[in-house]
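Working notes, structure below.
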Amino acid sequence: MSTPSHWFDTGGEKGSGAWEAVPELGSFGRLWRVFMTARVAIATVLVILQAFIYALGNITNRWSIAVCIAYLCATLAVRLWARPRPPGSTFDAQWVSTIGVDVVTFSVLNFLQSSGINYTPLFALPVLLSSILGPILLAFGTAASVTLLLLADAWWSSLQVLGDFNARFLQSGLSGSGFFLVALLANHLALRLAREEQSAKRSQSAARMQTQVNELVIEALADGVLVVDINGIVRSANPASRRLLAAGDAVRSAPFILATEAGWQPLAELAHRSFVAQSPQEGDISLGNAGGHTRRLHVRTRLAASPNGTHESLCVMFLEDLREMEARVRTEKMAAMGRMSAAVAHEIRNPLAAIAQANALLEEDLQDAGHRQLTAMVRQNAQRLARIVDEVLNISRAQAQLPSPQATTLALDDTAGKIASDWAVQTAASGRTRISVGSDNAEVVFEPEHLRRLMVNLLDNALRYASDSAGAIEITTQAVAPGQARLSVWSDGQPLEQTVQTHLFEPFFSSESRSSGLGLYICRELCERYGALIGYQRVQRGGTDGNEFFVMFRPYPQSPNTPSPSFATMPT
């Protein structure tokens, strides 16, 4: 590390980080202005002193008054119009106008010796100025020049007046030695203070950088973070916590008081318990808001206490949405179950194919109707097992085939209409199927084959429960927001039980004994891969109540990592 050659050398600014804004000249400018103000004060005192002596009639040389007035004008000009500039390796104009003027002025006053006043102590000002604000060479040069002037003044006095001049020469030499010592000590102290301030600046820069890193980390956390003081005032809240605490459309920005909202009382009580017990707390709480919705949170608290008690303690609260925690656990369980199911399906597939083939060969040689009925039952159940195996393997393939960041886009109206028409023809359900497209052919991010699989699953499910009347099944597309489209499959079936709705999109769950329960789960998996949202609700169409499965596609264009929108109307 380079050592500065004078107070706030430019080498000190190299240690400043890019994370902070260092004012130009900084402390150097402030010290420079202090010294310039001191020069003005000394010049003012000298003028007042000369005027007082002149009024008493004790002045012997009027030139001293003129010198003091000129010195006052010079110091005022420098203080008002000059700008601080760090000294270079040579004597520039700025230092001539400050140190040079001081040395010349005090030397003239000392030479004139008006009313017997000794002006030697005033030389300490330019020596200190050069020592603190300049390099050591400038300090020693100023002290040397002052010493030479004092010796020259003593020699000139010896020529004018006869007598013992040894004492005068000795006094000048001692004064010069003292100025050298003052220059050395002042410059050494200035350099030490400069190093300390540079070290403090580097520490502040590192602290600011660490603070910004911490803020970036906290802002990006998916969990909510609240910093609460002992009075229940939230000092800081990251975006995740503000979303968790949002009451309707109102989002609070810190600082705010937890007790202002009745639904936040469990949080305030948990923070209070943490301060009272002086220990971390943890628990599950429910937060209510004016809309009647309740959000369940898992909350952990940690106390940030000052080790010596000089600062107040703060409570840091970590908020996690219990629904998201449960969803993560469910996803992990489903992933493990999916891997196991895929392995089992692979093991079943070959024996099942052998059974189906052997049954087909056996059926060719049978003539008895009872025996052929038995082989038909074997064939039907083998086909059912084959469909279950295919669906299980389809889940594994859907999980493995993640869409690329540049996922395919398709025109929703054209694609959905063609898929629905083909399905209606293949299932002979054209008479009771109605297709209504109205999204202005919006572009959505989805693979055509995956959209076909999604719609066929939903349509097969609707056909299973729909009546035989015309318009019993309705496929609708519509634009719900700029760049966002919605697809729905409605049927006039009976309402689903609440227990069925709760587990609607879970794998291997079905209200029918002969269904694998994987169709809707595959639909949900496909939607999640493309950032879409699938849901169920009971709605009325044309005066008839029915079951509607809807898909909200991700707004286009957006990045594939954009989270899916949330909808309050979707049942949980």
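Residue Q494 qualifies as open at atom CD: its count of foreign heavy atoms under 6.0 Å is 12 or below. For NE2 of H272, the number of neighbouring non-hydrogen atoms (other residues, nucleotides, ligands) closer than 6.0 Å is 12 at most.
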List the steps, then state whether side-chain contact (heavy atoms from CB on, under 4.5 Å) holds for I257 with V234.
-> CA-CA 6 Å; I257 302 175; V234 176; over 6 Å; no
For the pair D545 and R538, evaluate salt bridge (Lys or Arg N to Asp or Glu O under 4.0 Å) and give the outcome as yes or no after the intermediate values.
-> CA-CA 7 Å; D545 290 333; R538 184 78 177 170; 5.0 Å; no
Quick one: do M552 and V480 satisfy side-chain contact (heavy atoms from CB on, under 4.5 Å)? Show the steps, please.
-> CA-CA 9 Å; M552 299 292 292; V480 294; 3.5 Å; yes
Check the pair R453, E449 against salt bridge (Lys or Arg N to Asp or Glu O under 4.0 Å), reporting the backbone distance first and the verdict last.
-> CA-CA 6 Å; R453 187 186 303 177; E449 183 56 34; 5.6 Å; no
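Looking at heavy atoms from C-beta onward, Q210 lies out of side-chain contact with Q212 at the 4.5 angstrom threshold. Side-chain contact between T476 and W490 is absent, with no heavy-atom pair separated by less than 4.5 Å. Here the side chains of L412 and N441 are not in contact, with every heavy-atom distance at 4.5 Å or above. By the 4.5 Å heavy-atom criterion applied to side chains, T433 and I475 are counted as neighbours. Residues W423 and D460 meet the side-chain proximity criterion, which asks for heavy atoms closer than 4.5 Å. A heavy-atom distance below 4.5 Å is not found between the side chains of F549 and Q537. Considering only heavy atoms from C-beta on, L303 comes within 4.5 Å of S274 through its side chain. At a threshold of 4.5 Å between non-hydrogen side-chain atoms, the residues V425 and S430 count as touching.
F446 and F553 have perpendicular rings, their planes meeting at more than 60° on a 0 to 90° scale where under 30° would count as parallel.
Between R541 and E474 a salt bridge is recorded (basic side-chain N to carboxylate O distance below 4.0 Å).
Checked by atom type, the side-chain pair T544/D492 shows no donor-acceptor distance below 3.5 Å. Inspection of the Y465 and N547 side chains reveals no N or O donor paired with an N or O acceptor under 3.5 Å. Using modelled atom types, one finds no donor on one side chain facing an acceptor on the other under 3.5 Å when comparing R486 with T477.
When atom types are taken as modelled, the side chain of R432 and the backbone of S467 share a donor-acceptor pair closer than 3.5 angstrom. Using a distance-only test at 3.5 Å, with no hydrogens or angles considered, no donor-acceptor pair links the side chain of D440 to the main chain of A442. The backbone N or O of K201 sits nowhere less than 3.5 Å from a side-chain atom of S205 that would complete a donor-acceptor pair. Side-chain atoms of N238 come within 3.5 Å of backbone N or O of V225 as a donor-acceptor pair. For N461 (side chain) and R464 (main-chain N/O), no donor-acceptor pair under 3.5 Å exists by modelled atom type.
Taking both residues in full, the closest heavy atoms of I435 and S421 are given as CD1-OG, 3.5 Å, listed atom of the first, atom of the second, then distance.
Checked against a 6.0 Å centroid threshold, the rings of H450 and Y530 count as neighbours.
Considering CD1 of I132 and CG of L193, their distance stands at 9.0 Å, rounded to 0.5 Å.
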